[in-house]
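Remarks on the structure that follows.
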Amino acid sequence: MTPEETAAATAQAIVQAGTGFMTNPSTFAHGGDLGFSGLDFYVVGRGGVLGDTSADVVAAAFVFWSPEVIRKAWDAGREVMPPFSAAEEFAIAGHKWAEATWPDGVDYDRLAELAGRVAEGADFAGAPLFAGWRLLDVPTSPKAHVLHYLNGLRELRGAIHAGAVLAAGLRPTEAVAISAPYMAKIYGWGELTADPAKKPVWDQAEAATNRGIAAAFEILDETERDELATLANATLPAA
């Protein structure tokens, strides 16, 4: 595979690795045990890698969320624990989810090696959540190790995608209406109706995302990229 083909081939696995644990009840239960409620753990856990900053800085990094929702959850979550500590706990929830749900029989050690080379060698320009995630301790357990790197790449892909969407002239609400209308209320936008005329623009932004993140996969040779895609997609049944 070329780097761009690898970006497209791994997109679902990379996105769903993070989405799987972030939306899983076990993650909310872990947050509840710590004293969080509602979206507070998600917002402070995911955004906490940015440090003890303002809610608007976090909203800027999340891009597709309503700033008002982020402000409310961030301020409430900071009352529970410092943001970076929440990020560490959020990562632990992800590691536990991977250990409990990902199938056995996958060579997670090899997948961690390949994904780790990509994540550690990637340029973090314009991707603050990715840069912050890389500050967290890397677990040693194979499945958790893989989750750590795939979620980092999810944050990198998300930042590149957000830039491509905005550069294409789409508003965040227009992108959400096209790609994830079922999330609109959770994101704080209420009901959204997609404009069919905007779908080709979003498709172009998605293609630009693959081109943008392709450079990260150049660190692997063609055989390694094929192997990464095969192994990463083996995690998908759980996600």
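As the structure is a prediction and not an experimental result, all values here were calculated from the model. Computed from heavy atoms alone, side chains included, the values below leave out hydrogens, waters and symmetry copies.
- In this structure, a donor-acceptor pair under 3.5 Å is absent between the side chains of Ser54 and Asp56.
- Remark: Val106 pairs with Pro103, Tyr108, Leu231, Ala234 by the side-chain contact (heavy atoms from CB on, under 4.5 Å) rule, at least two apart or across chains.
- Side chain of Lys143 to backbone of Trp102: a donor-acceptor contact under 3.5 angstrom is found.
- Between the Asn151 side chain and the Leu147 main chain, no donor and acceptor come within less than 3.5 Å of each other.
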Compile the donor-acceptor pairs under 3.5 Å between side chains in residues 117-125 and protein atoms, sequence neighbours left out, one pair per line.
from	atom 1	to	atom 2	distance (Å)
Arg117	NH1	Glu224	OE2	3.0
Arg117	NH2	Ile219	O	3.4
Arg117	NH2	Glu224	OE1	3.3
Glu120	OE2	Tyr149	OH	2.4
Asp123	OD1	Ala125	N	2.9

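- Salt-bridge annotation for Glu222 and Arg225: absent, with no side-chain N of the basic residue lying under 4.0 Å from a carboxylate O of the acidic one.
- The pair Arg46-Glu155 counts as a salt bridge, with a side-chain nitrogen and a carboxylate oxygen less than 4.0 angstrom apart.
- Between the Thr27 side chain and the Phe21 main chain, a donor and an acceptor come within less than 3.5 Å of each other.
- A distance-only check finds no donor-acceptor pair linking the side chain of Asp195 to the backbone of Glu174 [under 3.5 Å].
- Counting non-hydrogen atoms of neighbouring residues, nucleotides and ligands closer than 6.0 angstrom, the CG atom of Asp52 exceeds 12 such neighbours.
- Considering only heavy atoms from C-beta on, Met22 comes within 4.5 Å of Phe90 through its side chain.
- In this structure, the separation between NZ on Lys96 and OG1 on Thr101 is 13.5 Å, given to the nearest 0.5 Å.
- In this structure a side-chain-to-backbone donor-acceptor pair under 3.5 Å is present from Trp133 to His148.
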Identify every side-chain donor-acceptor pair in residues 60-69 under 3.5 Å, counting partners at least two apart or on other chains, and give the distances.
from	atom 1	to	atom 2	distance (Å)
Ser66	OG	Glu68	N	3.3
Glu68	OE1	Arg71	NH1	3.1

